2 protein chains.
Amino acid sequence: MASSSDPARARGDRVAVTIKDVARVAGLSIATVSKYMNGGHVLDDNRVAIEQAITTLGYRVNVVARGLKTRRTMTVGVLIPSIEQIFSTEIIAAIEKQLAKAGFSTIVCDCQLDAELESRKMEILLEKQVDGIIMMPFSGLAEPIQKAIDQGVPVILIDRKVEGVILDTVLVDNENLARQAVSSLIQAGHRRIGIVLGPKDLYTSRKRHTGYLAACHEHGLVVDPDLIRHSDYQIPGGSAAFLALLDLPDSPTAIFTTNYETTFAAGLIINERGLNIPLDLSWIGFDSLSMAQIFKPRLTIVAQPVRQIGETAAQLILERLSGAGGFACEAREVILPGELIAGLSTGSIRTIAD
Amino acid sequence: MASSSDPARARGDRVAVTIKDVARVAGLSIATVSKYMNGGHVLDDNRVAIEQAITTLGYRVNVVARGLKTRRTMTVGVLIPSIEQIFSTEIIAAIEKQLAKAGFSTIVCDCQLDAELESRKMEILLEKQVDGIIMMPFSGLAEPIQKAIDQGVPVILIDRKVEGVILDTVLVDNENLARQAVSSLIQAGHRRIGIVLGPKDLYTSRKRHTGYLAACHEHGLVVDPDLIRHSDYQIPGGSAAFLALLDLPDSPTAIFTTNYETTFAAGLIINERGLNIPLDLSWIGFDSLSMAQIFKPRLTIVAQPVRQIGETAAQLILERLSGAGGFACEAREVILPGELIAGLSTGSIRTIAD
DNA sequence: CTGAAAGCGCTTACAG
DNA sequence: CTGAAAGCGCTTACAG
């Protein structure tokens, strides 16, 4: 063991115990110690000697060195738009848990809603030699993803597709969920239903838009384009869109906000204006389970299956990494169902009219 | 470049471009390429040759290999109780941003509110050879932390102290914040003020408890032990404690919930029971800024300076890593002020009585 | 089962 | 400025 007069230690340098030290103390070769460390069989006497050496020295394998040799770091990179979005954190938690079971750890990177950072962080993940990547695309550009592909690193996409790359993807049935939500409002008697969407070219927003239209058509409702508002899916933009709907001359009797941020923005405005839900307005939110429970009255929301998204993505990357199914296997697309969770925020329009 | 008939590539293995390839293509030694990669001066002609080789080959430095040699991975581990707690994610975001400026990346580990995992994740961080660790302790045990210390890896603690280790620590002035919150209720005329705390031995809970007592004493209030409820700082325990206060024969006219989860739990119950805030009850929450804004009427809360906590922690670890101040420097303790953000949930008791 | 040797991709004194 | 060589800590055929 490094003596306390070791100049390296005195300087505060890390004086790592290496496999060499273990071998020396155990009186064996490093090859044998390595074999033991990796679960191989060694003679009982040797096993004891090694275990003792490890304990006395406090040896811990250096996975950086191991990774250099094995060319596997047993690490999966997770790249998301923002770590401050609860939608992402729940997914990350599920991914981590699932991967840990298989002996993989994760490196989480967020790009802070910045397209340039998305590319840089992908770069960092690759430099760190992650074995695979699970990515929730932010910019929608293929370029950062292509870097991983070029390097032969498997990528699993979650939440949305990206044009220009064909990869395993875990999606949610956004269209159907939006259709259900809007249908329930129509069935409650609403005829003028506003919707706050995201950017026009965003995959999830497009699907939710389609679902809205489908519900209207099914019930023979004429679609008023004034009721369809695009936003940036952030709080300020969501607020503007929601306000625009409220302030319409012929304002909607119900509004559907289609992601967490726009739902939150709506809550702020409703609170500020002192609107009575559902008397003044019916409302369905998205992705905001905890907010939905606190809100008075309890909000109806569309809930995405966050746990399952994470677990599925982890499963898919593990399959790619184990080579079962393997490199050659075609890209798979998993579409998960979500859930409409009923609260009391969607009053019946007939009751109101009565 | 690896030809497309390369068997490794055919198998889907990663055929990394290495510094050797760059050197060969550029017609130089790997030492020179390495020098260039690390910002050293090379002849202009050589620089051009190297840059060209890098571009054509798509070379990316292998930081795993570099780390093995330099004994610095330029990575800081962040160990937190749960990635699903918004209090943590905001801090993480701040840490990441700050460290990125200095060229460090972060590996975030959460222990999922599991003491055993806290120890294992610390182990994983050390195996990954992180240069330093920022930790929000969960179990309060010194054992996991000691592992890092033994290995000479600097650790910065945030949010709470841990007995048995002396380390740089970033804290919030919990006592004072709680004192302010309770004082404001007393000044509004409340005499029976309930408080939902966390576990008795938890650092932050103890401080908030002390602040409560201090406010009472300052205003000459007799403390009724029935009004002080300990919980596990989770939602179910928080609900139970809050309900117990509500159902007291002589129930409090105001309640202070002292972390995010117990505040959320209170919101659930208030919503379920249809309590009118502040007519039926005055209420001050904690750590729940977004919830506070949605709540009707806007909640008064104690807000911790999450951004600053993260930035300060990052700053401290960078100083330890740069050796400025250095290894020998004594442990520092930074106590940050928080903020009482006023809403409308704390009505005046006099008004009610009138 | 065990050990000597080569090598993963890089950096770093040290000569030249 | 440049290059040959050693070595970071590990694993992995290959002999023995």
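Proteins come first, then strands; the chains are lettered A, B, ... in the order of their sequence lines, and each starts at number 1. Keep in mind that what you see is a predicted model, and the values were worked out from it rather than measured. Because only heavy atoms are used, hydrogens play no part in the values below, and waters and symmetry mates are left out as well, while side chains stay in.
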Sugar-phosphate only, base, or nothing, as touched by B:Ile30 at under 4.0 Å among non-hydrogen atoms: base

More than 12 heavy atoms of other groups within 6.0 Å of A:Glu333 CD: yes

Whole-Å gap separating P (D:dG9) and CZ (B:Arg66): 18 Å

A:Ser29 side-chain proximity, nearest of C:dG3, C:dC1, C:dT11: C:dG3

Heavy atoms of other groups near B:Arg307 CZ, more than 12 under 6.0 Å: yes

A:Ile19 CD1 to C:dA4 P, straight-line distance once rounded to whole Å: 14 Å

Phosphate-side-chain proximity, B:Arg71 and D:dG9, N/O vs OP1/OP2 below 4.0 Å: yes

Which residue lies more 5' along DNA chain D, comparing B:Leu43 with B:Thr70 via nearest heavy atoms: B:Leu43

Quiz item: A:Lys69 side-chain donor-acceptor pair to C:dG7 base, under 3.5 Å: yes

B:Arg72, CZ: over 12 other non-hydrogen atoms inside 6.0 angstrom: yes

Nucleotide nearest A:Thr18 (side chain, heavy atoms from C-beta), chosen from D:dC10, D:dT12, C:dT11: D:dC10

Whether over 12 other heavy atoms sit under 6.0 Å from A:Glu123 CD: yes

Any A:Ser34 side-chain nitrogen or oxygen under 4.0 Å from OP1 or OP2 of D:dT11: yes

Interatomic distance, B:Arg24 CZ vs C:dG9 C1' [rounded to whole Å]: 14 Å

A:Asn38 side chain near D:dT11 phosphate (N/O to OP1/OP2, under 4.0 Å): yes

Nucleotide opposite D:dC1 in a Watson-Crick or G-U pair, distances under 3.5 Å: C:dG16

d(NE2, B:His41; P, D:dC1) in whole Å: 7 Å

Atom of B:Gly103, atom of B:Met74 and distance for their closest heavy-atom approach: O-CE, 3.8 Å

Length of the line joining A:Leu68:CG and C:dG7:P, which is rounded to integer Å: 14 Å

Length of the NZ-P vector between B:Lys128 and D:dG9, whole Å: 18 Å

Atom of B:Ala93, atom of A:Ile83 and distance for their closest heavy-atom approach: CB-CG2, 4.0 Å

Side chain of B:Ala31 (C-beta onward), nearest among D:dG9, D:dC8, C:dT12: C:dT12

Any A:Thr32 side-chain nitrogen or oxygen under 4.0 Å from OP1 or OP2 of C:dG3: yes

Touch class at under 4.0 angstrom, heavy-atom based, for B:Lys35 against every strand present: base

Touch class at under 4.0 angstrom, heavy-atom based, for B:Val61 against every strand present: sugar-phosphate

Sugar-phosphate, base or nothing in reach of A:Tyr59, heavy atoms under 4.0 Å: sugar-phosphate

Rounded interatomic separation in angstrom, taking CG from A:Asn62 and P from D:dG7: 18 Å

A:Tyr36 OH to D:dC10 C1', straight-line distance once rounded to whole Å: 17 Å

